[in-house]
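Worksheet for the structure shown next.
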Amino acid sequence: MRTQVAIIGAGPSGLLLGQLLHLAGVEAVIIERKSPDYVLSRIRAGVLEQGTVEMLTLAGVGGRLAREGLVHEGFDLAFNGARRRIDLSGLLGGRHVTVFGQTEVTRDLMEAREAAGLTTIYEAEAVALHDFDGSRPSVSWEKGGLRQTLACDFIAGCDGYHGASRASVPACALQTFEKVYPFGWLGILADVPPVSHELIYVGHERGFALCSMRSHMRSRYYVQCAIDEKPEAWSDDRFWDELRARLDPATAEALVTGPSIEKSVAPLRSFVAEPLRFGRLFLAGDAAHIVPPTGAKGLNLAVGDVRYLAEALSEHYGEGSDAGIDGYSARALARIWKAERFSWWMTSMLHRFPETGEFGARMQLAELDYLFSSQAARTALAENYVGLPY
Ligand code: APR
Ligand code: PHB
């Protein structure tokens with residue numbers, strides 16, 4: 001088998017890259033370790049930057065997003081027992097975010113790829129990358145007891161944090177930067193109406209909490225928990241009681257609870273790999289970086305990488321220019337590090353860090369107090385949350 005671009009991973013990064021390359025007339029095959037159902041079973045954040053919505057629309061998968069996505073023009077920050085609103089649209093001349101589950105983004109991208117008759121190899125085992133530092137790269141895998149090989153011009157490593165792509169790069173060629181936070185997020189999904197029409201990020205002495213949603217009838221809530229917390233140690237009632245304890249009285253009173261349809265604990269980490277290009281291998285999305293979910297940047301940052309990589313590869317095939325390819329890593333990393341900073345800042349401001357003591361707690365309150373006494377500070381938060389320009 002041969003193609004122009006071999007994409008490893010059929011998550012949002014790989015699927016969006018495949019779609020943008022297809023629209024640019026560049027041939028790509030996606031090799032995915034899991035089944036389509038497994039890929040769709042992942043529960044992930046769904047706050048889309050305006051740029052992400054524009055990219056998905058450009059990719060031809062913006063229809064359902066436009067019909068079902070929830071436009072949010074602001075969100076609340078709650079601390080010291082009160083909720084105060086960050087008016088994104090008022091601060092940024094009408095710009096906003098859209099709430100639309102990542103699973104739905106992935107589903108629409110999968111359906112568009114299938115409708116275009118493009119090749120995706122699911123349930124590919126023992127995926128291996130070959131000769132990407134030379135001029136004849138290839139990807140091999142096993143399926144049905146047979147090992148198959150795909151020759152290509154380029155490999156796009158879109159296989160996430162635990163994938164084979166970054167792991168195939170010699171350690172001496174890679175520099176990584178990592179911060180593991182001393183806590184996790186215990187999340188619950190329930191078919192109950194959200195407690196508010198917008199998101200509420202809560203800084204509380206018991207720990208961080210987040211009130212989010214998937215639709216007008218499906219809510220997503222999180223509470224900061226111990227790094228080794230087990231979801232099975234939390235009954236639904238225990239979760240709802242803890243969430244109420246972190247909310248202001250009026251919001252706690254308004255909370256509609258119900259049986260959980262999913263409950264899980266997620267660790268929080270910041271991670272970046274540098275550089276993002278190794279010969280004919282490029283890293284994009286979670287294969288290249290991880291952000292704590294506080295700033296809702298994971299999917300949006302992946303979309304930025306994919307936009308740059310799709311432009312670069314399309315330029316190579318369309319105009320015979322390698323300027324985009326040569327500049328991809330530096331261009332993507334400039335945006336990645338700003339999103340890492342914002343996600344770290346939001347996480348540091350809103351979570352409980354016992355090890356930083358009373359002084360650390362006062363710094364957090366001062367940060368929040370400054371936010372609500374300075375329009376410049378709120379504008380800085382808003383432009384990072386809605387998404388910096390590409
Ligand atoms: N071979 C083939 N596929 C692989 C391999 C491998 N060795 N390892 C992992 N994969 C697949 C995974 O099964 C997954 O479907 O690569 C895909 C990677 O998808 P994601 O982890 O979702 O990463 P990405 O597409 O970059 O999307 C980033 O997902 O994790 C969230 O918060 C993150 O919202 C962000 C988004
Ligand atoms: C979510 O809805 O899962 C969500 C929303 C906003 C975040 C993180 C997660 O910052």
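Position 1 is the first residue of the sequence; numbering continues from there. Each ligand, and each atom within it, is numbered from 1 in the order the structure gives.
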Problem - Ion pair check, D131 and R136, cut-off under 4.0 Å - result: no

Handout entry: Side-chain (K338) to main-chain (A334) donor-acceptor, under 3.5 angstrom
Key = yes

Completion exercise
ligand 1 to A164, heavy atom cutoff 4.0 Å, flagged ligand atoms 7 (N)

Handout entry: Test side-chain hydrogen bond (donor to acceptor under 3.5 Å, both in side chains) applied to D108 and R64, R113, Q19, the passing residue
Key = R64

Practice task
Could you check atom 12 (C) of ligand 1 against the protein and tell me its nearest heavy-atom contact, residue, atom and distance included?
Solution key: R42 NH2, 3.3 Å

Practice task
Under 4.0 Å, heavy atoms only, figure out whether ligand 1 is touched by the backbone of V39, its side chain, both or neither.
Solution key: side chain

Practice task
Looking only at protein heavy atoms, identify the closest one to atom 9 (C) of ligand 2 and say how far it is in Å.
Solution key: A45 CB, 3.6 Å

Problem - Protein heavy atom at shortest distance from atom 1 (N) of ligand 1 - result: V127 CG2, 3.5 Å

Exercise for the section: Assess the pair F353 and F183: is the distance between their ring centroids shorter than 6.0 Å? Expected result: yes

Practice task
Taking atom types as modelled, find out whether R83 and S196 have a side-chain donor-acceptor pair closer than 3.5 angstrom.
Solution key: yes

Problem - Side-chain donor/acceptor of N384 to backbone N/O of S343, under 3.5 Å - result: no

Handout entry: Contact atoms of ligand 1, heavy-atom distance to K34 under 4.0 Å
Key = 13 (O)

Problem - E104 and T106 side chains, donor-acceptor separation under 3.5 Å - result: no

Handout entry: Distance-only N or O hit between ligand 1 and A284, under 3.5 Å
Key = no

Practice task
Specify the protein heavy atom at minimum distance from atom 23 (O) of ligand 1: its residue, its atom name, and the distance to 0.1 Å.
Solution key: D286 CB, 3.7 Å

Problem - E73 and R95 ion-paired at < 4.0 Å - result: no

Handout entry: NZ/NE/NH1/NH2 to OD/OE distance under 4.0 Å, K263 and D236
Key = yes

Problem - Aromatic ring proximity F342/W337, centre distance under 6.0 Å - result: no

Problem - L299 N/O under 3.5 Å from ligand 1 N/O - result: yes

Exercise for the section: Using a 4.0 Å heavy-atom cut-off, say whether V99 meets ligand 2 through its side chain, its backbone, both or neither. Expected result: neither

Exercise for the section: Report yes if some N/O of Q102 lies less than 3.5 Å from some N/O of ligand 1; otherwise report no. Expected result: yes

Practice task
Give the residue and atom name of whichever protein heavy atom lies nearest to atom 6 (C) of ligand 2, and the separation in Å to one decimal.
Solution key: Y201 OH, 3.4 Å

Practice task
Report yes if E32 has an N/O atom closer than 3.5 Å to an N/O atom of ligand 1; otherwise report no.
Solution key: yes

Exercise for the section: Looking only at distances, please establish whether an N/O atom of ligand 1 is found under 3.5 Å from an N/O atom of S13. Expected result: yes

Exercise for the section: Write out the residue and atom name of the closest protein heavy atom to atom 8 (C) of ligand 2, then the distance separating them to 0.1 Å. Expected result: P293 O, 3.2 Å

Problem - A296 contact mode with ligand 2 (heavy-atom cut-off under 4.0 Å) - result: both

Practice task
Salt-bridge test for E340 and R335: reply yes if a basic N is under 4.0 Å from a carboxylate O, no otherwise.
Solution key: no

Completion exercise
For L199, the ligand 2 atoms with a heavy-atom partner under 4.0 Å come out as 5 (C), 6 (C)

Practice task
Quick one: look at W185 and ligand 2, take heavy-atom pairs under 4.0 Å, and tell me if it's side chain, backbone, both or neither.
Solution key: side chain

Exercise for the section: Within a distance under 4.0 Å of any heavy atom of R220, pick out the atoms of ligand 2 and give their elements. Expected result: 3 (O)

Exercise for the section: Select one of side chain, backbone, both or neither to describe which atoms of I31 lie under 4.0 Å from any atom of ligand 1, heavy atoms only. Expected result: backbone

Problem - Polar side chain donor-acceptor pair, R269 to Y161, under 3.5 angstrom - result: yes

Handout entry: Carboxylate-amine/guanidinium proximity below 4.0 Å for E242 and R246
Key = yes

Handout entry: Heavy-atom proximity to atom 27 (O) of ligand 1, best of G285, G11, P12
Key = P12

Problem - Identity and distance of the protein heavy atom lying nearest atom 3 (O) of ligand 2 - result: Y222 OH, 2.6 Å

Problem - Contact atoms of ligand 2, heavy-atom distance to V47 under 4.0 Å - result: 5 (C), 6 (C)

Practice task
Answer with yes or no whether the side chains of T149 and S140 bring together a donor and an acceptor at under 3.5 Å.
Solution key: no

Problem - R220/E262 ion pair, N-O < 4.0 Å - result: yes

Practice task
Consider only side-chain N and O atoms of D153 and Y317, and report whether a donor and an acceptor are under 3.5 Å apart.
Solution key: yes

Problem - Short side-chain to backbone donor-acceptor contact, R280 and D133, under 3.5 Å - result: no

Exercise for the section: Could you tell me the residue and atom name of the protein heavy atom closest to atom 22 (O) of ligand 1, and the distance to it rounded to 0.1 Å? Expected result: R44 NH1, 3.2 Å

Practice task
List the closest protein heavy-atom neighbour of atom 21 (O) of ligand 1: residue, atom name, distance to the nearest 0.1 Å.
Solution key: G160 CA, 3.9 Å

Handout entry: Nearest neighbour of atom 1 (C) of ligand 2 from the list M346, M213, K297, R214, on a heavy-atom basis
Key = R214

Exercise for the section: Could you establish whether C158 and ligand 1 come within less than 4.0 Å of each other, counting only heavy atoms on the residue side? Expected result: yes

Practice task
Quick one: look at D159 and ligand 1, take heavy-atom pairs under 4.0 Å, and tell me if it's side chain, backbone, both or neither.
Solution key: both

Practice task
Measure the distance from atom 2 (C) of ligand 1 to every protein heavy atom, then report the residue, atom name and distance (to 0.1 Å) of the closest one.
Solution key: R33 N, 3.3 Å

Practice task
Could you list which atoms of ligand 1 come closer than 4.0 Å to a heavy atom of G163?
Solution key: 8 (N)

Problem - Atoms in ligand 1 flagged as close to I8, the criterion being non-hydrogen separation under 4.0 Å - result: 1 (N), 2 (C)

Practice task
Would you check if the distance from the ring center of F208 to the ring center of Y222 is below 6.0 Å?
Solution key: no

